[in-house]
Amino acid sequence: MRWCFSGDLEVSLASDRETALACLRREEPEVVTLDLGLPPDPGGATEGFRLLEDILQLAPMTKVIVVTGREDKENAVKAIGMGASDFYQKPLDADILTFVVNRAFRLAELERDNRELALQRNGTNIKGIVAASPQMLSICRTLEKVAPTDVTTLITGETGTGKELLARALHDLSHRGEKPFAAINCAAIPENLLESELFGFEKGSFTGATQSKKGKIESANGGTLFLDEIGDMPLALQAKLLRFLQERVIDRVGSVKPVSVDVRVVCATHQDVQELIKQGTFREDLYYRISEITLDVPALRDREGDALVVAQSLLQSLGKQMDRPNLAFTEDAIKAIKGHPWPGNVREMINKVKRAIIMADGKRVTAADLQLSCDEEGPESQLNLRQVRENAERAAILQALQSCGFNMAQASRLLGITRPTLYNLTDKYRIKASPESSSA
């Protein structure tokens with residue numbers, strides 16, 4: 001089989017499961033051809049299927065081509081069902097084998113390009129949300145699962161983290177996307193007006209009510225109602241909202257006839273609702289009604305690497321809006337963005353970037369344009385790729401030795417390296433090949 005491939009391909013051979021796994025870790029191949037008949041069961045397929053499971057677990061992006069006998073179609077079907085990308089039947093035909101392997105390489109390339117395109121979209125398909133951090137991408141994945149349902153959702157997080165954008169995304173990605181999206185800020189409307197704004201009123205129900213008016217809840221019928229800063233809702237109104245969530249009917253102010261409403265409710269607050277419950281300013285039963293699903297949005301400072309990603313996206317989009325395209329950050333601006341704690345989150349960043357676009361001379365935006373200080377001793381200046389790599393290597397070697405009872409042969413196979421290489425690394429990092437090193 002090795003002779004079938006041209007010289008531009010690197011080919012590694014393995015004759016059993018352990019050798020194959022070591023080679024997989026060491027070489028990280030894009031394509032693997034796997035004969036199911038491996039020792040100690042060369043006449044069967046049990047060892048081959050075990051190795052297939054291991055490969056798919058350790059390197060899920062690797063394309064596995066299963067090699068089977070002419071009479072082993074059932075095994076080929078089973079292997080494809082487990083996750084193999086293709087199969088090849090013996091006897092050997094160089095042209096067909098080359099075609100199958102090249103097709104697997106092409107598939108791996110297409111999937112890699114697709115992943116890169118997804119990263120260029122900042123890892124999320126949610127309109128208005130720019131994210132690359134694991135924390136925010138996890139929120140987005142959860143949102144995509146929740147959106148098609150009608151569960152009442154509570155979004156918590158600091159001011160300026162994008163809670164309303166997430167609420168709109170819940171609406172846009174749901175089956176209600178073509179219906180109304182009604183938003184109301186419970187903290188911005190006086191207490192005596194909030195009830196009529198939410199539930200509406202009948203003509204003559206109070207002085208100045210010259211005609212009947214639908215409230216926000218009724219106007220969102222069929223769509224989504226977004227209650228922003230629900231933590232500031234008065235206690236008396238919380239009881240009426242709770243009844244609506246339970247019965248899905250509303251009573252307009254001054255009316256005796258209930259109105260049925262079909263809406264999906266999304267709430268948001270920057271406050272700690274559990275603390276409000278302890279203080280007696282928020283009903284516990286209402287909390288459980290509005291938090292069937294809770295999305296806790298992290299602050300920008302807690303989103304690993306997102307500050308720079310968001311800043312660059314804002315520089316591009318706002319620069320086009322303000323007729324100053326093709327701007328870029330200088331090195332000191334990048335350091336300042338990474339080092340700033342961003343207490344105002346994305347809202348503060350929008351403010352800073354807008355000012356910088358106006359103040360920048362030429363095509364480069366500096367830290368001074370952003371009104372940020374550049375601390376040369378900030379955390380980004382302490383990064384050292386070689387040191388990070390060495391720390392990770394040392395930790396992996398210690399873990400492998402401990403899990404193998406400090407057996408050097410087993411540890412080297414587990415790490416996918418040769419035993420002499422492992423001895424060299426233990427000498428380099430001054431790791432004693434004995435249990436005493438576990439406390440180091």
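Source: prediction; values computed, not measured.
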Residues Asp296, Lys163: salt bridge by 4.0 Å N-O rule: no
NZ/NE/NH1/NH2 to OD/OE distance under 4.0 Å, Glu30 and Lys63: no
Parallel, tilted or perpendicular: rings of His171 and Phe181 (30°, 60°): tilted
Salt bridge present between Arg243 and Asp251 (N-O < 4.0 angstrom): yes
Pair Arg301 + Glu158: basic N to acidic O under 4.0 Å: yes
Sole residue of Arg176, Arg248, Lys179 in salt bridge (Lys or Arg N to Asp or Glu O under 4.0 Å) with Asp262: Arg176
Distance (rounded to the nearest 0.5 Å) between Lys213 NZ and Ser219 OG: 9.0 Å
Stepwise side-chain contact (heavy atoms from CB on, under 4.5 Å) test for Asn75 and Val66: CA-CA 9 Å; Asn75 286 338; Val66 172; over 6 Å; no
Test item: Lys352 and Leu314 side chains (from C-beta on) under 4.5 Å apart, heavy atoms: no
Sidechain N-carboxylate O distance under 4.0 Å for Asp86, Arg103: yes
Qualifying salt bridge (charged side-chain N to carboxylate O under 4.0 Å, His left out) pairs, either residue in residues 266-284, two or more places apart: Arg283-Asp285
Salt-bridge contact Arg364-Asp369 (side-chain N to carboxylate O under 4.0 Å): no
Pair Arg50 + Glu47: basic N to acidic O under 4.0 Å: yes
Exam field: side chain Thr62 to backbone Val31, donor-acceptor pair closer than 3.5 Å: no
Validation row: Ile431, Ile397 side chains within 4.5 angstrom (heavy atoms): yes
Salt bridge present between Glu164 and Arg168 (N-O < 4.0 angstrom): yes
